[in-house]
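Throughout, protein chains are lettered first and strands after them, A, B, ... in sequence-line order, and every chain is numbered starting at 1.
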Amino acid sequence: MSPEALELELARLHPAAFGWAMACCAGDRTAAEDALQASYLKILDGRARFAGRASFRTWLFAVVRNTAAELRRRAALRRLLPLAVLGETPDGRPDAATVLARADATGRLVAALATLPRRQREVLHLVFYQDLTITEAAEVAGVSLGTARTHYERGKAALRKLLKEEPP
Amino acid sequence: MTERNHADLGDRFHALRREDAAAAPPFDATLAAARARRAAPPRRRTRWLAAAAVVVVGVALALLFTRPDRHGRTIDLATVRWEGPTDFLLVLPGDELLRTVPDFGRVSVSTLPGAGFTTIDSDRRTP
């Protein structure tokens with residue numbers, strides 16, 4: 001894929017990729033933008049190459065997911081080091097501005113999702129938000145189809161319960 | 001497909017998607033920021049090097065102040081004596097001759113342990 005075609009594909013999928021990055025960073029907008037920029041850089045520098053085994057969207061989401069995980073690990077390490085005072089370190093929680101900007105219903109959904117285990121949250125996001133099949137969600141999350149299906153069923157049941165318990 | 005039969009959850013997620021799409025940063029700005037990151041790796045590297053230096057210095061100081069002071073402690077060798085379990089093999093009959101200065105004309109010979117000293121007078125002449 002030529003660099004121009006790559007950029008066009010990235011531009012087309014940018015809103016969806018941003019939503020996925022937000023999900024990978026637990027609603028922290030700064031961390032999501034950071035993960036997205038690092039992912040684009042990886043792709044444009046050729047450190048992440050699209051081999052055509054999956055769809056471009058599935059592959060892009062997997063890159064974003066892995067990059068967000070790398071940044072999360074680095075941030076956790078930086079919080080342990082004394083140099084954490086030199087730079088602002090994202091703590092993996094939704095920032096206040098993003099939470100305030102959410103509508104009431106979506107705010108409750110985000111709050112309920114935040115209580116679920118990461119894998120369940122990821123699979124639910126990929127299926128309901130990104131309209132992927134469970135098979136594609138399994139590819140992005142790097143798990144088997146059976147595992148993805150289990151996360152999907154358990155996550156869905158837990159999310160329904162949480163949303164039913166919400167105040168009217 | 002079973003995953004498509006949940007309109008209630010789907011509607012909620014789609015509302016979230018619309019909100020995120022409206023709040024997403026422009027693609028060009030994201031790409032420009034990504035390219036700007038490429039131009040500025042030394043700052044991050046410097047920060048990591050500084051962190052490593054702080055850790056190394058901290059460990060060195062901790063070792064310096066917590067380990068026992070080997071150079072400052074003096075050992076009085078005169079008070080230290082180690083006796084090995086086979087030292088008795090080195091004790092020989094008559095080894096007093098080697099450790100004492102004999103009188104001229106008189107020779108002290110120790111015999112077996114417990115026998116005491118036998119003095120031989122060298123002036124006595126046998127007929």
Side-chain angles (χ1 to χ4, degrees), chain A residues 7 10-23 27 29 32-34 36-45 74 77-78 81-84 86-87 98 101-103 105-110 112-113 123-125 127-134 137 149 152-153 156 159-160 163, chain B residues 1-70:
Chain A
E7 272 192 36
L10 290 177
R12 188 177 66 81
L13 292 169
H14 177 67
F18 176 71
W20 174 233
M22 285 285 278
R29 187 186 168 92
E33 287 182 13
D34 206 24
L36 207 54
Q37 289 168 15
S39 304
Y40 288 173
L41 197 58
K42 265 187 197 176
I43 293 167
L44 295 173
D45 283 352
R74 274 190 212 161
L77 186 66
R78 223 173 292 146
L81 288 176
L83 248 69
L86 292 181
T98 308
R102 294 250 182 246
T106 50
R108 282 201 296 270
L109 175 63
V110 169
L113 281 170
V123 172
L124 289 181
H125 176 99
V127 171
F128 288 111
Y129 183 112
Q130 303 287 357
D131 292 327
L132 296 186
T133 62
I134 297 180
R149 200 174 284 281
Y152 169 76
E153 293 297 342
K156 199 173 59 182
L159 188 61
R160 274 187 198 287
L163 291 174
Chain B
M1 271 190 182
T2 53
E3 61 263 33
R4 301 279 180 255
N5 298 332
H6 305 282
D8 54 336
L9 286 180
D11 288 347
R12 285 175 186 265
F13 273 97
H14 287 174
L16 181 63
R17 185 168 71 185
R18 282 192 296 275
E19 268 186 21
D20 283 348
F27 174 70
D28 292 338
T30 307
L31 202 60
R35 286 183 170 139
R37 289 165 73 115
R38 185 193 291 163
R43 187 169 154 259
R44 179 170 288 182
R45 200 171 297 152
T46 307
R47 194 179 283 180
W48 276 105
L49 283 175
V54 166
V55 170
V56 167
V57 169
V59 169
L61 286 175
L63 285 175
L64 197 67
F65 287 110
T66 55
R67 289 182 75 183
D69 187 5
R70 287 182 179 175

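- Interface residue A:Leu113: only side-chain heavy atoms are found under 4.5 Å from chain B.
- Neither the backbone nor the side chain of B:Ala32 comes within contact range of chain A, judged by heavy atoms closer than 4.5 Å.
- Contact annotation for A:Leu159: only side-chain heavy atoms (C-beta onward) come within less than 4.5 Å of a heavy atom of chain B.
- For A:Ala38, the parts lying under 4.5 angstrom from a heavy atom of chain B are both the backbone and the side chain.
- Scored by the side-chain contact (heavy atoms from CB on, under 4.5 Å) test, B:Ala24 finds A:Phe18 as partners (sequence neighbours excluded).
- Heavy-atom pairs under 4.5 Å with chain B were tallied for A:Asp45, A:Leu36, A:Leu44; the largest tally goes to A:Asp45.
- Between the side chain of B:His14 and the backbone N or O of A:Phe128, at least one donor-acceptor pair lies under 3.5 Å.
- Applying the side-chain contact (heavy atoms from CB on, under 4.5 Å) rule to A:Arg12 yields the partners A:Glu9; only residues at least two apart in sequence or on another chain are considered.
- Using a 30° and 60° split on the angle between ring planes, A:Tyr40 and A:His14 fall in the tilted class, from 30° to 60°.
- In this structure, B:Thr30 and A:Glu33 have side chains that are not in contact, with every pair of non-hydrogen atoms separated by 4.5 Å or more.
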